[in-house]
Every structure is written in structure tokens, then in C-alpha cells.
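Only one structure is covered here, and it is reproduced in the block below.
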Amino acid sequence: MTEIAGFALLAGVPEASLRRFAADLKPLTVAPGQVVIEQGELSREVYFVFSGRLLGLLLSPEGREVAFSDLGPGRYFGEIAALDGQPRSLTISAVTQSRLGRLEAETFRDWMVREPVIGQNLALTLAERNRVLSERIFGLVVHDVDKRVRILLSRLAQARGELRPGGRLKPAPTRDQMATYVGANREAVSRAIARLSAEGIIETGRQSVTFRDIQALLDGL
């Protein structure tokens, strides 16, 4: 009950209803690398993330993956297919072992009727996602790979409270993961990282990135 109460989707839902909602969820544990939903499939369930981390990937017709969403505790996914009945638009897989709650599409729709505030909260979430997507598309269009890598590193550092001289990302994303996030190939990302290292802006180690000159990092944004 305490876990489900932390989801923005359920803000304002009465406690008694939250207990019934939690009872409708089917527990699911997924291992690192395990696919939960796959782009194009016709499943309809909605998933709630209680622990762990998952990544949503969009696969282009040419087979190239572009990161779309990073999902941690308190996030949920799969609601669009539950509403419109269309194929899944993303592939969602676990980065770490993750504990989820799974809700049938029909049950999800019933809850939206029973507790209208859920629909209101969902609308706010979709508006936020649309704004983030617009910003991401803009960034991919107007920024070169170097700037995209700087933006990625600064955002990760900020999110972890490490945006400071001596701040450290550990574990840091791999070059392949960075390439997925910024919509580039691994080689281009490796060259960008090498340039930042050569300029003394960052220092890389085994699964780590240490920030040496934050101002220089931000000056390139």
C-alpha cells in the first residue's frame, strides 16, 4: 500500500481505493536484460515500477535503437496500449533487477471510470512526456554529438548530485548506452569522450566518469 501511494498517477485517490488498486496488481520480478514489452506486440497490460531501473527503446526501421525513457521507482508504462488497443510503441527492458506490478488493461480502464482523478493525473503525465519528447527531438536535430554527450553527462551528474568538481558517476553508462541515449554511434561517442578527457574536463575510469572542470563542461552546452 505504501509503495503504490507514491505513484503520481494515483495522487488524490482515497486510501480505501488505493488498497483495492494494490490488490489488483500482479507482482512481477524481471532480471537485468529481460524484455517486459516489445515494440509492435499486441499486449495491453499496464506496469508499475516498485524497484529497479528499466529503459524504453524505440527501434528505427533500419534497426537502430534510440533511448526514449528511463524508468525507475514510481514510474509506470504501458498505459497507451491499454487505452487505444494499438501495438506497443516501445521496447521496455530491465537494466537492473526490477520489481513491478502488472495491471490488466480492462481493470485499468475500470479504475479510470471509478476514480476520475486517475484520468486527470494521466493527462498531466502525458503532457509532461510530450514536452520532454519535443525537447529531445529538438536536441537531436540541432546539436552535434559532442554537445549531446555534454548534455547527457551534465544531466546525469545533476540527477545524482554530482555536478561539481570532483563529482563522480559510478557506475557510469557504457559507450554503447551513451550512444543509445544521444542517438549516435559508439565510435562518435568515444571520440567525444576522448576529447573531453584530453581537455581535462572529465577523467574516465572503469565504469566511472569523474568531473574535473564543470564550468568547461557547461560552457560547451
Side-chain angles (χ1 to χ4, degrees), residues 3 6-8 29-36 48-58 64-77 90-100 128-129 131-133 135-221:
E3 288 181 307
F7 285 82
T29 299
V30 292
Q34 182 177 342
V35 172
V36 181
F48 295 79
V49 184
F50 293 117
S51 67
R53 177 172 166 253
L54 301 98
L55 188 66
L57 296 173
L58 176 66
R64 180 178 173 185
E65 289 182 336
V66 178
F68 184 87
S69 54
D70 199 341
L71 303 164
R75 299 289 297 277
Y76 58 94
F77 59 92
L90 296 175
T91 294
I92 307 284
S93 59
V95 178
T96 65
Q97 181 165 307
S98 304
R99 189 164 52 85
L100 314 175
E128 179 186 1
R129 290 182 188 173
R131 185 178 296 108
V132 170
L133 175 60
E135 292 173 353
R136 175 169 172 75
I137 291 173
F138 177 79
L140 291 175
V141 171
V142 303
H143 298 321
D144 58 21
V145 176
D146 279 38
K147 182 167 287 189
R148 285 181 243 163
V149 169
R150 287 173 182 260
I151 291 171
L152 172 62
L153 290 176
S154 61
R155 285 179 175 173
L156 289 175
Q158 186 179 43
R160 299 187 194 180
E162 297 292 336
L163 191 60
R164 55 183 174 78
R168 195 180 190 200
L169 297 179
K170 186 173 178 65
T174 66
R175 300 294 187 274
D176 287 326
Q177 289 171 332
M178 289 186 190
T180 296
Y181 274 109
V182 304
N185 59 50
R186 187 184 190 281
E187 291 72 21
V189 168
S190 294
R191 289 194 293 270
I193 292 293
R195 281 190 287 272
L196 290 173
S197 298
E199 293 170 14
I201 296 173
I202 63 171
E203 180 181 324
T204 59
R206 183 174 177 80
Q207 294 186 318
S208 71
V209 172
T210 302
F211 297 96
R212 296 303 182 197
D213 192 335
I214 291 294
Q215 191 57 54
L217 176 70
L218 299 178
D219 284 346
L221 299 183

**Report entry** Salt bridge E128-R75, side-chain N to carboxylate O under 4.0 Å
**Finding:** no
Can you confirm whether [X] sits close enough to [Y] that some side-chain heavy atom of one is under 4.5 Å from a side-chain heavy atom of the other?
X    : Y    : result
L217 : Q215 : no
R212 : I201 : no
I202 : T210 : no
Y76  : L71  : no
R168 : V209 : no
S154 : L218 : yes
V36  : F77  : yes

Nearest atoms (heavy-atom pairs only) where [X] meets [Y]:
X    : Y    : value
G52  : P73  : O-CD, 3.4 Å
L152 : V182 : CD2-CG1, 3.9 Å
E3   : F50  : CB-CD2, 3.7 Å
A94  : A31  : CB-O, 3.3 Å
V145 : A184 : CG2-CB, 3.8 Å

Query raised in the report: Can you list the steps and then say if E203 with K170 is a salt bridge (Lys or Arg N to Asp or Glu O under 4.0 Å)?
Result: CA-CA 12 Å; E203 180 181 324; K170 186 173 178 65; over 6 Å; no
Quick one: [atom1] on [X] to [atom2] on [Y], what's the gap to the nearest 0.5 Å?
X    : Y    : atom1 : atom2 : answer
S190 : M178 : OG    : CE    : 9.0 Å
L54  : S93  : CG    : OG    : 7.0 Å
R186 : T174 : CZ    : OG1   : 7.5 Å
T180 : Q177 : OG1   : CD    : 7.5 Å
I214 : R164 : CD1   : CZ    : 9.0 Å
I151 : L156 : CD1   : CG    : 12.0 Å

**Report entry** Test log, rule side-chain contact (heavy atoms from CB on, under 4.5 Å), inputs I92 and L55
**Finding:** CA-CA 6 Å; I92 307 284; L55 188 66; over 6 Å; no
Query raised in the report: For the ring pair F7 and F48, is the centre-to-centre distance below 6.0 Å?
Result: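 That pair passes the under 6.0 Å test.
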Requested in this report: Report the C-alpha separation of T204 and R175 in whole Å, then their side-chain angles, then the decisive distance to 0.1 Å, and conclude whether the side-chain contact (heavy atoms from CB on, under 4.5 Å) test is met.
Outcome: CA-CA 11 Å; T204 59; R175 300 294 187 274; 4.0 Å; yes
Query raised in the report: Is there a side-chain contact (heavy atoms from CB on, under 4.5 Å) between T29 and Q97 once you walk through the steps?
Result: CA-CA 7 Å; T29 299; Q97 181 165 307; 4.0 Å; yes
Query raised in the report: Would L153 and I193 satisfy side-chain contact (heavy atoms from CB on, under 4.5 Å), going step by step from the backbone distance to the final call?
Result: CA-CA 10 Å; L153 290 176; I193 292 293; 4.1 Å; yes
